[in-house]
2 protein chains.
Amino acid sequence: MKVDGKPMRTIWVEADGTVGIIDQTKLPHRFETRKLQSLADAAHAIKSMQVRGAPLIGAAAAYGVALALREDASDANLEHACVALAATRPTAINLKWALDEMAAAVRNRPRAERVAAAYTRAAEICEEDVGINQGIGRHGLGLIEAVAIRKRPGEPVNVLTHCNAGWLATVDGGTALAPVYAAHDKGIAMHVFVDETRPRNQGAALTAWELLHHGVPHTVIADNAGGHLMQHGQVDLCIVGADRVTAQGDVANKIGTYLKALAAQDNGVPFYIGLPSPTIDFALGDGLAEIPIEERGADEVTHITGATTDDQIVTVRLTPKESRAANYGFDVTPARLVTALITERGVIEANRTALAAAFPERAARRPAVASR
Amino acid sequence: MKVDGKPMRTIWVEADGTVGIIDQTKLPHRFETRKLQSLADAAHAIKSMQVRGAPLIGAAAAYGVALALREDASDANLEHACVALAATRPTAINLKWALDEMAAAVRNRPRAERVAAAYTRAAEICEEDVGINQGIGRHGLGLIEAVAIRKRPGEPVNVLTHCNAGWLATVDGGTALAPVYAAHDKGIAMHVFVDETRPRNQGAALTAWELLHHGVPHTVIADNAGGHLMQHGQVDLCIVGADRVTAQGDVANKIGTYLKALAAQDNGVPFYIGLPSPTIDFALGDGLAEIPIEERGADEVTHITGATTDDQIVTVRLTPKESRAANYGFDVTPARLVTALITERGVIEANRTALAAAFPERAARRPAVASR
């Protein structure tokens, strides 16, 4: 993607082998990059959410292993690096997967080859992510083109999105936003309604920032506003990301996704999930019953961070000091509310039959679970 | 209601004839009262939202006329006061109603009697509001008792509310929260999920504050969380307020209400509107088509105000400076999603027949409109 005209990824290797990242905790107020020099730097970047988003966490963890091996390529240090990185975001499935991939790539090699092998495998993990997102973009583009063809000249296709499933959450290209970028880059007039996405405000802070810098017209709205917009025909389609999708097509995603899916259904607006297919967990069936919902710190609800007029970044309290708050990270949107899943393998209906047909090699591996 | 054990209203007359209010712009961070000494003070209090909420705005405007007449009881000044106060919040229907009532109460009296007549009528307007809210509380209490009877000992009735339709929005007692206070005061274990209600955060700032100070257990949540709670059986009933209700029972209320009504329907949770019956506008039929939705300043979305750790009240920016934002004040919840309207005249189904039967004197006055 582009930042003010210059192509950029969210993670890259510098000439000296250090790893560059954008410090996303400073967005949208400051654009700052960081150089990760060591395992400790990489672990800190993931834990403090300088990098976030499942695919980017995986990529950062992969490079974290490479940085660790550069310090000490022993088996003990490989093991130490994997344990340390896995502990940074315990619920991130991509993180675990990337660490397993890295260990497999270096474990059986002589020490002298391990560093090079680690950088190579980390780079491959990044390229795989970029390739998947290009696939999501290509398949989602067709859905947007079908809407664009009905528009008057210059009239944009209006997409509503929730949270950040854009290029900042990936190595490049984004997942839910990949079709939007594909359409924009092809010259289709696009406009995105960006849910601010309380409590962490990833929409207002990250999605708005990346759309702005890539030049995609957009409007930030309160999370409360999407239903009203859909009632008044101002949204052509919704596209959101997913943290996990079950074998029957139920979608766990950022808290509030379910409310938008209800409004989409009530107003005949298509509701799409843009996701890399590894997000589909064929071991799960009923998302509402089987996906545990992380409860996060209440301070994300009681407090918020922003920039003052003199560009100080400040955290302020919003609620009475003595009032209790609760912070649920995700909700589950039942498959019945999902129009389709946009994956790198095509646009797939959100039901067990269609998912099994699209991913026979994965669905078949778990017959006991599939019969639930 | 009570503030830390002491009974209190949102507006009162001091011994010297000045009018006391709570400066609600400082809540929940600071509890400060103000003395309104003049028409200008009253107009400023309404315009700057030191007082807000339809019933309280009406009461403040009424006392604003009294304060104006104390300065100058002439016809010209009465006219001037009504014009000045009407301009403070042009879309507030109660404001216009209260000013008409005040003008009618003093216009035909000799100047010497006007000040006393104005204070008397303003006090009556306040008492009428309190009486209406007691009625809403009484009728809503029955609905809560029916839930409480199914609970185990000590297990609370869980109510979800949106925005602030509590005592801070009225002279006393609240509208949507009147049933909650009636149940709590009767000894029923209550717990309220408080939507923070972006962008102005009336839930996090005002509803949480008043529940806290009256001693009602509550939890502040992001607006995104209500659907998830209802999916998991954590909400027994929703009660919200209304800015306007049509003859067929469509409800205009704070933006985001519609999303909660959809979630309530999807999960079989009763969705009630607590409202004073003057909020019903029998001249309107289809709320979605006929109620214009106010678009407010985008800065309420791009910025937010809170308290720093050293209790400074600070406003911070949340979005990129160059990103556009839009701010819709209200949405319309179709009658099909409303279980019933809790009014001072009883619990009424949200449809044309039931509303006309409950308010024959008002429904009959507009036969041409009622046939729409």
Between A:Ile221 and chain B, which part of the residue has a heavy atom less than 4.5 Å away: side chain, backbone, both or neither?
both
Interface moiety of B:Thr302 toward chain A, non-hydrogen atoms closer than 4.5 Å
neither
Could you tell me which portion of A:Thr257 (side chain, backbone, both or neither) has an atom closer than 4.5 angstrom to a non-hydrogen atom of chain B?
neither
Residue part contacting chain A, namely of B:Lys254, when any heavy atom lies under 4.5 Å
neither
Residue part contacting chain A, namely of B:Thr308, when any heavy atom lies under 4.5 Å:
both
Please look at A:Arg200 and chain B and tell me whether the side chain, the backbone, both or neither of the residue comes under 4.5 angstrom of a heavy atom of that chain.
neither
Options A:Glu300, A:Gln312, A:His162, ranked by heavy-atom pairs under 4.5 Å with chain B, top entry:
A:His162
Under 4.5 Å from any heavy atom of chain B - which part of A:His213:
neither
Does any backbone or side-chain atom of B:Ile304 lie under 4.5 Å from a heavy atom of chain A? Answer side chain, backbone, both or neither.
side chain
Which region of A:Leu229, side chain (C-beta onward) or backbone (N, CA, C, O), has a non-hydrogen atom less than 4.5 Å from a non-hydrogen atom of chain B, or is it both or neither?
side chain
Do the rings of A:His191 and A:Phe193 sit parallel, tilted or perpendicular, given the 30° and 60° boundaries?
perpendicular
Measuring only between side-chain heavy atoms, which start at C-beta, is B:Leu318 closer than 4.5 Å to B:His303?
no
Report which part of B:Ile293 has an atom under 4.5 Å of a heavy atom belonging to chain A: side chain, backbone, both, or neither.
side chain
Can you tell which part of A:Glu196 gets under 4.5 Å to a heavy atom of chain B, answering side chain, backbone, both or neither?
side chain
Pairing of B:Asp281 and B:Arg244 as salt bridge, 4.0 angstrom limit:
yes
I'd like to know which of A:Asn201, A:Asp266, A:Val332, A:Val301 tops the heavy-atom pair count under 4.5 Å against chain B.
A:Asp266
Name the region of A:His29, side chain, backbone, both or neither, that has any atom closer than 4.5 Å to a heavy atom of chain B.
side chain
Structural part of B:Arg30 lying under 4.5 Å from a heavy atom of chain A
neither
Please determine, among A:Ala263, A:Ala205, A:Ala298, the option with the most heavy-atom pairs under 4.5 Å with chain B.
A:Ala263
Would you call B:Asp195 and B:Lys260 a salt bridge, taking side-chain N to carboxylate O under 4.0 Å as the test?
yes
Parallel under 30°, tilted from 30 to 60°, perpendicular over 60°: which one fits the rings of A:Phe31 and A:Trp209?
parallel
